[in-house]
Amino acid sequence: MVLNIACYSNIQHENIFEIVDFILKTQMDDGGWNCRLNDKPHHSSLHTTINVLEGLKEYINSGYVYRKTEILNAMEKAHEFILVHKLYKSDKTNQVIDKKMTMLSYPSRWRYDILRALDYFQSIDFQYDPRMEDALNLSLKKKLKSNKWPLQQKYPGRVFFDFEKVGKESRINTVRALRVLKKYGKVIK
């Protein structure tokens, strides 16, 4: 998250390169990242991985070039990690990892959900992969009769004003869902 904000703000400081070094050093063998490094996890976290990917995307989009080839390779591995999980399912049992991952939220804060992942993929012009299909269909099913998407979940944290209410139509989630569905050719009925 710090890398994302710093790069978005176009901060030019060598500490950004230290963050990149740390990210590359801590990528796990399965392709993702896990914030609980001190616990010596055996598996990456979708939550941590999407946060890292968003930061790396902003780093690349902002024109930084330090270790760019390694970053692009790390991103590819992380994409595969997410796709192996069909964006929200166990790679071993095919069961939903956490029901909250299927609920549309905004702001996401550190939490992962299918719309956040799909919106990330469309934002980098990632080509359709059949392993996205379940998440795409689930996102499409969440459309309300008003042809808008809801805000289904909010996570605690400081806010200066309440932008949208849980259970109601969400302008932000609607825009995100429409971008995703347009990119991946889903028909909106």
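Basis for what follows: all heavy atoms, side chains included, without hydrogens, waters or symmetry-related copies.
Note on I23 and Y66: same hydrophobic cluster, where clusters join Ile, Leu, Val, Met, Phe, Trp and Tyr whose side-chain heavy atoms are under 4.5 Å apart, directly or indirectly. Residues I50 and I172 fall into different hydrophobic clusters, defined by Ile, Leu, Val, Met, Phe, Trp and Tyr side chains chained together at heavy-atom separations under 4.5 Å. One hydrophobic cluster, built from ILVMFWY side chains closer than 4.5 Å, cannot hold both L72 and F22; they sit in different ones. The cluster map of Ile, Leu, Val, Met, Phe, Trp and Tyr, joined by side-chain heavy atoms under 4.5 Å apart, puts I97 and L136 in the same cluster. Residues I71 and M28 are members of separate hydrophobic clusters, defined by side-chain heavy-atom contacts under 4.5 angstrom among Ile, Leu, Val, Met, Phe, Trp and Tyr.
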(Q) Let's go through N147 and K143 carefully: what are the C-alpha distance in whole Å and the side-chain angles of both, what is the deciding distance for side chain to side chain donor-acceptor pair (under 3.5 Å) to 0.1 Å, and is it a yes or a no? (A) CA-CA 6 Å; N147 289 324; K143 182 178 60 102; 3.0 Å; yes
Q) Does the side-chain contact (heavy atoms from CB on, under 4.5 Å) test come out yes or no for N15 and I19, once each step is laid out? A) CA-CA 6 Å; N15 288 358; I19 295 170; 5.5 Å; no
Q: In sequence, state the C-alpha distance, the side-chain angles, and the governing distance for D113 and Q153, and then conclude on side-chain contact (heavy atoms from CB on, under 4.5 Å).
A: CA-CA 10 Å; D113 68 57; Q153 180 74 36; over 6 Å; no
Q: Go through the steps to decide whether N73 and E70 satisfy the test side chain to side chain donor-acceptor pair (under 3.5 Å), and finish with yes or no.
A: CA-CA 5 Å; N73 289 335; E70 294 167 86; over 6 Å; no
**Q.** Working for side chain to side chain donor-acceptor pair (under 3.5 Å), residues S45 and N34
**A.** CA-CA 5 Å; S45 158; N34 193 313; 5.2 Å; no
Q.
Quick one, D98 with R111, criterion salt bridge (charged side-chain N to carboxylate O under 4.0 Å, His left out). Give me CA distance, side-chain angles, the key distance, then yes/no.
A. CA-CA 11 Å; D98 179 349; R111 295 286 309 211; 3.0 Å; yes
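Rounding to the nearest 0.5 angstrom, the gap separating the CG atom in L56 from the CD atom in E54 is 10.5 Å. Distance OH/Y88 to CG/L115: 13.0 Å, rounded to 0.5 Å. Rounding to the nearest 0.5 Å places CD of E18 at 8.5 Å from NE2 of H13. A distance of 11.0 Å separates CZ of R179 from OG1 of T174, quoted to the nearest 0.5 Å. The CD atom of Q27 lies 12.5 Å from the OG1 atom of T48; values are rounded to the nearest 0.5 Å. Here L138 contributes atom CG and M103 contributes atom CE; the two are 11.0 Å apart, rounded to the nearest 0.5 Å.
Side-chain atoms of L46 and F81, non-hydrogen and from C-beta on, do get closer than 4.5 Å to each other. Side-chain atoms of N10 and Y64, non-hydrogen and from C-beta on, do get closer than 4.5 Å to each other. In this structure the side chain of Y112 reaches within 4.5 angstrom of the side chain of L87, judged on heavy atoms. A 4.5 Å side-chain heavy-atom check between L144 and E169 finds at least one atom pair inside the cut-off. Two residues are said to be in side-chain contact when any heavy atoms from C-beta on lie closer than 4.5 Å; H79 and L53 meet this criterion. A heavy-atom distance below 4.5 Å is not found between the side chains of M101 and V96. Two residues are said to be in side-chain contact when any heavy atoms from C-beta on lie closer than 4.5 Å; L118 and S139 meet this criterion. In this structure, L104 and L151 have side chains that are not in contact, with every pair of non-hydrogen atoms separated by 4.5 Å or more.
Here the closest non-hydrogen pair linking S108 and R176 is OG-NH2, 4.2 Å. The heavy-atom pair separating K100 from Y155 by the smallest distance is CB-OH, 3.8 Å. Considering all non-hydrogen atoms of both residues, I16 and I11 come closest at CD1-O, 3.0 Å. Of all non-hydrogen atoms in C7 and S62, the two that sit nearest each other are O-OG, 3.0 Å. Looking at every heavy atom in both residues, S123 comes nearest to K57 through OG-NZ, 3.0 Å. When all heavy atoms of D21 and R67 are compared, the pair lying nearest together is OD1-NH1, 2.7 Å.
A salt bridge does not link K77 with D29: every distance from a Lys NZ or Arg NE/NH1/NH2 to an Asp or Glu carboxylate oxygen is 4.0 Å or more. Salt bridge absent: K154 and E164 never bring a charged side-chain N and a carboxylate O closer than 4.0 Å.
In this structure a side-chain-to-backbone donor-acceptor pair under 3.5 Å is missing from R131 to K86. Listed for the T93 side chain is no donor-acceptor partner under 3.5 Å among the backbone atoms of S90. A donor-acceptor pair is defined here as one N or O able to donate and one able to accept, closer than 3.5 Å; no such pair exists between the side chain of K168 and the backbone of Q152. Of the possible donor and acceptor atoms, none in the side chain of E58 sits under 3.5 Å from a partner among the backbone N and O of G55. Although no hydrogens or angles enter the test, the distance criterion places no donor-acceptor pair under 3.5 Å between the side chain of H43 and the main chain of P41. A donor-acceptor pair is defined here as one N or O able to donate and one able to accept, closer than 3.5 Å; such a pair exists between the side chain of R109 and the backbone of P156. The closest donor-acceptor contact from the side chain of N173 to the backbone of W149 lies at 3.5 Å or more, if one exists at all.
Using a 30° and 60° split on the angle between ring planes, F121 and F126 fall in the tilted class, from 30° to 60°.
In Y8, the OH atom is not crowded: 12 or fewer heavy atoms of neighbouring residues, nucleotides or ligands sit closer than 6.0 Å.
A donor-acceptor contact closer than 3.5 angstrom links the side chains of R116 and N51. Remark: the S44 side chain and the D30 side chain contain an N/O donor-acceptor pair separated by less than 3.5 Å. The closest side-chain donor-acceptor pair between E133 and Y128 falls under 3.5 angstrom. Q127 and D129 share no side-chain donor-acceptor pair at under 3.5 Å.
Under the 6.0 Å distance and 45° angle rule, R171 counts as a cation-pi partner of F163.
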